[in-house]
Amino acid sequence: MTAALRARIGACRAALAALPGDSAAQAGLFGALDALGEPGTPEEAVARSAYGEALRRQGRAAEAEAHHRAALCWLPDFGGNHFNLGLTLQALGRSAEAADAYGEAARLMPRFAPAPCNQGVLLRVLGHREAAETALRRAVSLDPTLVPGWLNLGAAIQESGLADAAADCYRNALALRPDLAEAHANLGLVMKEAGRLADSLPAFERALALGLSDPGGVLAQLVQQMRHLCRWDGLAERSAQLTALVRGGATRQVHPWIFLGEGAGPATELACASRYADWRTRGIAAMPVRRDAVSRGRLRVGYLSADYHEHATAALIAELIERHDRSRVEVAGYSYGPDDGGPMRRRLSAAFDRFVDLSTRSHADAAARIRNDGVDILVDLKGFTQHARPEIAAHRPAPVQAQWLGYPGTMGAGCIDYVIGDPLVTPLDHQPFYAERIVQLPLCYQPNDRSRPIGPTPSRAACGLPERGVVFCCFNAAYKITPDLFDRWCGLLRAVPDSALWLLDSHPEASANLRREAARRGVAEGRLVFAPRRPPAEHLARYRLADLFLDTTPVGAHTTASDALWAGLPVLTVPGEGFASRVGASLLRAAGLPELAVRSLDDYEAAALRLAGDPDGLARLKTRLAAERDGAPLFDTDRFARALERAYATMWDIHAAGKPPRAFAVRDED
């Protein structure tokens with residue numbers, strides 16, 4: 001047998017000498033050497049790796065891996081073999097192993113720029129931001145013409161918050177490849193993140209014009225920045241294109257938070273979120289199930305967020321964390337956002353039983369820390385909002401995982417077991433539109449902080465408001481204002497003499513555009529007043545000058561509506577189909593003013609007009625709100641905490657019984 005194999009090896013070698021590219025002869029040679037149990041020559045090791053690379057390009061990555069590993073056994077110190085193995089492992093979705101292979105190739109071939117470039121790309125995907133940046137800087141120093149190096153270095157730097165440096169990288173890529181759509185798209189993103197919204201639009205439009213394999217993500221960004229700037233010319237057409245892409249299943253990269261603004265309905269929002277979640281978390285495998293996941297008398301609950309600083313989420317949960325019953329739950333805060341050193345950061349750090357900064361850890365390392373801490377229930381407070389890292393929860397560090405508060409809709413992710421809502425924002429008949437099982441808290445899903453101070457009430461003149469007349473107020477971000485809704489607001493201003501519309505000064509161009517749109521609708525520009533941003537106590541005090549808060553749709557006020565109600569200002573809202581448009585109704589019910597959630601936009605307009613003409617009625621609403629505020633369920637943090645703890649206990653009981661997650665409602669035990 002050995003002699004026959006040796007003869008076969010000789011024949012294959014002779015065939016390869018005559019025809020070096022003969023794949024049949026290569027396969028025969030490699031198979032014979034494997035059967036013989038002997039390594040080939042260094043030349044044959046290189047050939048075997050090249051053969052594996054050919055298989056990878058044919059889509060036969062699993063077969064290719066076997067050849068690459070055999071080649072490395074024959075010739076372990078040849079960097080090209082490691083590089084080819086990295087390409088194959090990357091094709092198989094095994095990013096961490098591929099990054100290691102590229103790293104070894106970079107060590108063995110110190111002048112070969114693609115090796116650290118590819119390594120840096122994967123390290124960034126894995127969440128190793130500093131290591132990724134180091135590898136990518138090495139790549140472009142070795143080869144300044146390496147376009148993928150500049151493109152990915154820009155992305156790594158952008159994630160560190162250095163917008164100008166990231167933009168320079170993208171411009172370097174475009175100097176080499178002016179037609180590179182991805183570089184234009186990334187330049188648009190970094191302009192947006194630097195607050196230069198107007199500068200982002202041409203970059204997004206150029207990227208779309210050049211063509212992208214999946215244009216949905218860039219189109220969504222273009223639509224969102226047009227909304228932020230209140231540039232409504234052409235917005236309807238762009239929005240229609242975006243919705244058609246999602247409904248047709250032609251995109252995976254549309255950001256679900258942006259898509260909520262389309263009001264396309266819960267079924268389409270689920271489709272968008274599911275595809276996006278699959279794309280964001282591709283290649284991530286769940287960690288092994290913890291064997292010690294049994295009750296210890298009190299549950300360990302971990303809250304995962306990037307917003308443990310001056311942020312709306314932090315403002316809502318601070319008192320809840322302080323008021324959790326430590327005989328029932330032990331609570332840990334897991335932070336991957338910035339530490340601003342401010343009072344809210346200090347308050348939350350002290351409120352949690354354990355506070356862990358994960359900001360410098362990779363997704364896998366962050367998940368490992370959560371798992372090693374023995375967390376029973378992990379609560380993701382970010383969902384798909386800005387700076388979210390859903391990849392951490394995708395590793396499954398906790399036996400039970402829920403999402404709550406930050407994201408008003410389904411994440412569409414199989415790694416999240418529950419979404420915490422209430423009977424209004426997440427009715428049980430909406431379960432088909434959620435990948436998670438619905439958990440209904442008894443009254444309202446949103447907590448509040450009763451310790452929020454309200455400053456002295458300023459004068460109308462100090463805020464630029466007229467001394468007389470009804471003040472309609474909406475301090476929602478400008479992107480939530482739709483042209484159709486603005487039509488109705490302008491109709492109210494025309495119908496109510498001396499009235500004013502008080503809006504948040506979100507962006508100078510947005511304010512100018514809204515004034516121009518008002519003039520087009522027959523409303524003098526001076527009837528719109530824009531409020532600059534102020535510290536929280538001053539901001540809350542301003543609400544007391546307004547007469548009625550006008551909510552937006554399909555994305556309504558959330559924390560902003562709670563702020564208004566806490567300050568004593570009634571809120572008028574129209575609940576829609578989705579979670580994002582139903583929050584106002586939930587808050588009003590819990591605040592004792594359910595009648596201000598009306599059925600339709602026609603009813604909304606009629607109610608606003610009626611209330612504007614009834615100052616005594618408005619005064620009665622404000623008196624009710626003030627009188628009932630301290631006892632209202634919306635601001636009863638202890639009552640809320642006990643309901644949430646019962647929800648956690650039920651989730652755990654279902655898990656401990658070995659049953660799959662199921663929808664349930666928490667009973668109110670007040």
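These numbers come from the heavy atoms of this one structure, side chains and all, not from hydrogens, waters or symmetry mates. Everything numeric here is computed off the predicted structure, so don't read it as measured data.
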**Message:** Check this for me: does any side-chain nitrogen of one of R371 and D373 sit under 4.0 Å from a carboxylate oxygen of the other?
**Reply:** no
**Complete:** Closest heavy-atom pair, Y334 versus G302, reported as atoms and distance to 0.1 Å, is CE1-CA, 3.9 Å
**Asked** Once you round to the nearest 0.5 Å, how far does CD of Q431 lie from OG1 of T410?
**Response** 9.0 Å
**Message:** Using side-chain heavy atoms (C-beta onward) and a distance below 4.5 Å, is R48 in contact with L75?
**Reply:** no
**Asked** Do any N or O atoms from the side chain of D214 and from the backbone of R252 form a donor-acceptor pair under 3.5 angstrom?
**Response** yes
**Prompt:** Roughly how far, to the nearest 0.5 Å, is the CD atom of E159 from the NE2 atom of H387?
**Reply:** 11.0 Å
**Straight-line distance of C169 SG to L174 CG, nearest 0.5 Å** = 11.5 Å
**Message:** Tell me if a side-chain donor or acceptor on T281 pairs with a main-chain N or O of E391 at a distance below 3.5 Å.
**Reply:** no
**Prompt:** Looking at side-chain heavy atoms only, is the closest gap between C415 and Q403 below 4.5 Å?
**Reply:** no
**Request:** Spell out, as yes or no, whether a donor-acceptor pair under 3.5 Å connects the side chain of Q225 to the backbone of S200.
**Result:** no
**Prompt:** Do the side chain of W150 and the main chain of P144 share a donor and acceptor less than 3.5 angstrom apart?
**Reply:** yes
**Request:** Identify whether the distance between the nearest side-chain nitrogen and carboxylate oxygen of D417 and R396 falls below 4.0 Å.
**Result:** yes
**Prompt:** Judged by atom type as modelled, is there a donor-acceptor pair below 3.5 Å linking the side chain of S362 to the main-chain atoms of D365?
**Reply:** yes
**Asked** Is there a side chain to side chain contact (heavy atoms under 4.5 Å, CB included) between T426 and F579 once you walk through the steps?
**Response** CA-CA 6 Å; T426 51; F579 191 141; 3.7 Å; yes
**Request:** Begin with the C-alpha distance, continue with both residues' side-chain angles, and end with the deciding distance and a verdict on salt bridge (Lys or Arg N to Asp or Glu O under 4.0 Å) for E133 and R137.
**Result:** CA-CA 6 Å; E133 184 178 339; R137 285 192 184 279; 3.0 Å; yes
**Asked** Do F112 and P114 come close enough that some side-chain heavy atom pair is under 4.5 Å?
**Response** yes
**Message:** Using a 6.0 Å cut-off, check whether atom CZ of R57 has over 12 heavy atoms from anything other than its own residue.
**Reply:** no
**Asked** Under 3.5 Å, is there a donor-acceptor pair linking the side chains of Y170 and Q158?
**Response** yes
**Request:** Classify the ring geometry between H67 and Y51 as parallel (under 30°), tilted (30 to 60°) or perpendicular (over 60°).
**Result:** perpendicular
**Message:** Within the supplied structure, the quantity of interest is the number of heavy atoms (other residues, nucleotides, ligands) at a distance under 6.0 Å from Q386 CD; does it exceed 12?
**Reply:** no
**Item:** Side-chain donor or acceptor of R56 paired with backbone N/O of E63 under 3.5 Å
**Value:** no
**Prompt:** Is there a donor-acceptor pair under 3.5 Å between the side chain of H395 and the backbone N or O of P397?
**Reply:** no
**Prompt:** Are E65 and R69 ion-paired here, with the side-chain N under 4.0 Å from a carboxylate O?
**Reply:** yes
**Prompt:** Considering all heavy atoms of both residues, which atom of A368 and which atom of M287 are nearest to each other, and what is their separation?
**Reply:** N-CE, 3.3 Å
**Asked** Counting distance only, does the side-chain N/O of H655 pair as donor-acceptor with the main-chain N or O of M651 below 3.5 Å?
**Response** no
**Message:** Heavy-atom count check: over 12 atoms from other residues, nucleotides or ligands less than 6.0 Å from D164 CG?
**Reply:** no
**Fill in**
Minimal heavy-atom distance between A71 and A45, with the atoms involved, is CB-O, 3.3 Å
**Message:** In the structure I gave you, are the side-chain heavy atoms of I654 and P661 within less than 4.5 Å of one another anywhere?
**Reply:** no
**E262/R247 ion pair, N-O < 4.0 Å** = no
**Message:** Under a 4.0 Å threshold between the charged nitrogen and the carboxylate oxygen, would K382 count as salt-bridged to D307?
**Reply:** yes
**Message:** Please find the pair of heavy atoms, one from P408 and one from G406, that lie closest to each other, and give the distance.
**Reply:** CD-O, 3.8 Å
**Message:** Within the structure provided, determine whether I377 and L299 are in side-chain contact (heavy-atom separation under 4.5 Å).
**Reply:** yes
**Request:** Might you confirm whether atom CD of E182 has over 12 heavy atoms from other residues, nucleotides or ligands at distances under 6.0 Å?
**Result:** no
**Request:** Indicate yes or no: at least one non-hydrogen side-chain atom of V254 is less than 4.5 angstrom from one of L245.
**Result:** no
**Message:** Whether the side chain of E436 engages the backbone of M411 through a donor-acceptor N/O pair (distance < 3.5 Å, no angle test) should be reported.
**Reply:** yes
**Item:** Heavy-atom side-chain proximity of H68 to N81 below 4.5 angstrom
**Value:** no
**Prompt:** Is the backbone of R389 close enough, under 3.5 Å, to the side chain of Y336 for a donor and an acceptor to pair up by distance?
**Reply:** yes
**Message:** Assess, by modelled atom type and distance only, whether the side chains of E130 and T360 contain a donor and an acceptor separated by less than 3.5 Å.
**Reply:** no
**Asked** Under the side chain to side chain contact (heavy atoms under 4.5 Å, CB included) criterion, do L197 and Q224 qualify, and how do the steps go?
**Response** CA-CA 10 Å; L197 305 189; Q224 185 72 337; over 6 Å; no
**Prompt:** In Å and rounded to the nearest 0.5 Å, what is the CG to CD distance from L189 to Q221?
**Reply:** 5.0 Å
**Request:** Assign the ring pair W279 / Y276 to parallel, tilted or perpendicular, where the plane angle (0 to 90°) is split at 30° and 60°.
**Result:** tilted
**Message:** Any non-hydrogen side-chain atom of W404 less than 4.5 Å from a side-chain atom of D380?
**Reply:** no
**Message:** Determine whether V379 and Y648 satisfy the following criterion, side chain to side chain contact (heavy atoms under 4.5 Å, CB included), listing intermediate values before the conclusion.
**Reply:** CA-CA 10 Å; V379 183; Y648 291 152; 3.5 Å; yes
**Item:** Ring centre gap for F355 and Y308 strictly below 6.0 Å
**Value:** yes
**Request:** First locate atom CD of E269, then atom CZ of F259, and finally report the distance between them rounded to the nearest 0.5 Å.
**Result:** 7.0 Å
**Item:** Distance-minimising heavy-atom pair for G149 and V140
**Value:** C-CG1, 3.5 Å
**Request:** Given side chain to side chain contact (heavy atoms under 4.5 Å, CB included), test N172 with L153 step by step and report yes or no.
**Result:** CA-CA 11 Å; N172 286 344; L153 177 59; over 6 Å; no
**Message:** Minimum heavy-atom separation for V218 and A207, please, with both atom names.
**Reply:** CG1-CB, 4.3 Å
**Request:** Anything under 30° is parallel, anything over 60° is perpendicular, the rest tilted; go ahead and classify F83 against Y102.
**Result:** tilted
**Asked** Got a salt bridge between R282 and D278, using NZ or NE/NH1/NH2 to carboxylate O under 4.0 Å?
**Response** no
**Asked** Looking at CG of L55 and CZ of R60, how far apart are the two atoms once the value is rounded to the nearest 0.5 Å?
**Response** 5.0 Å
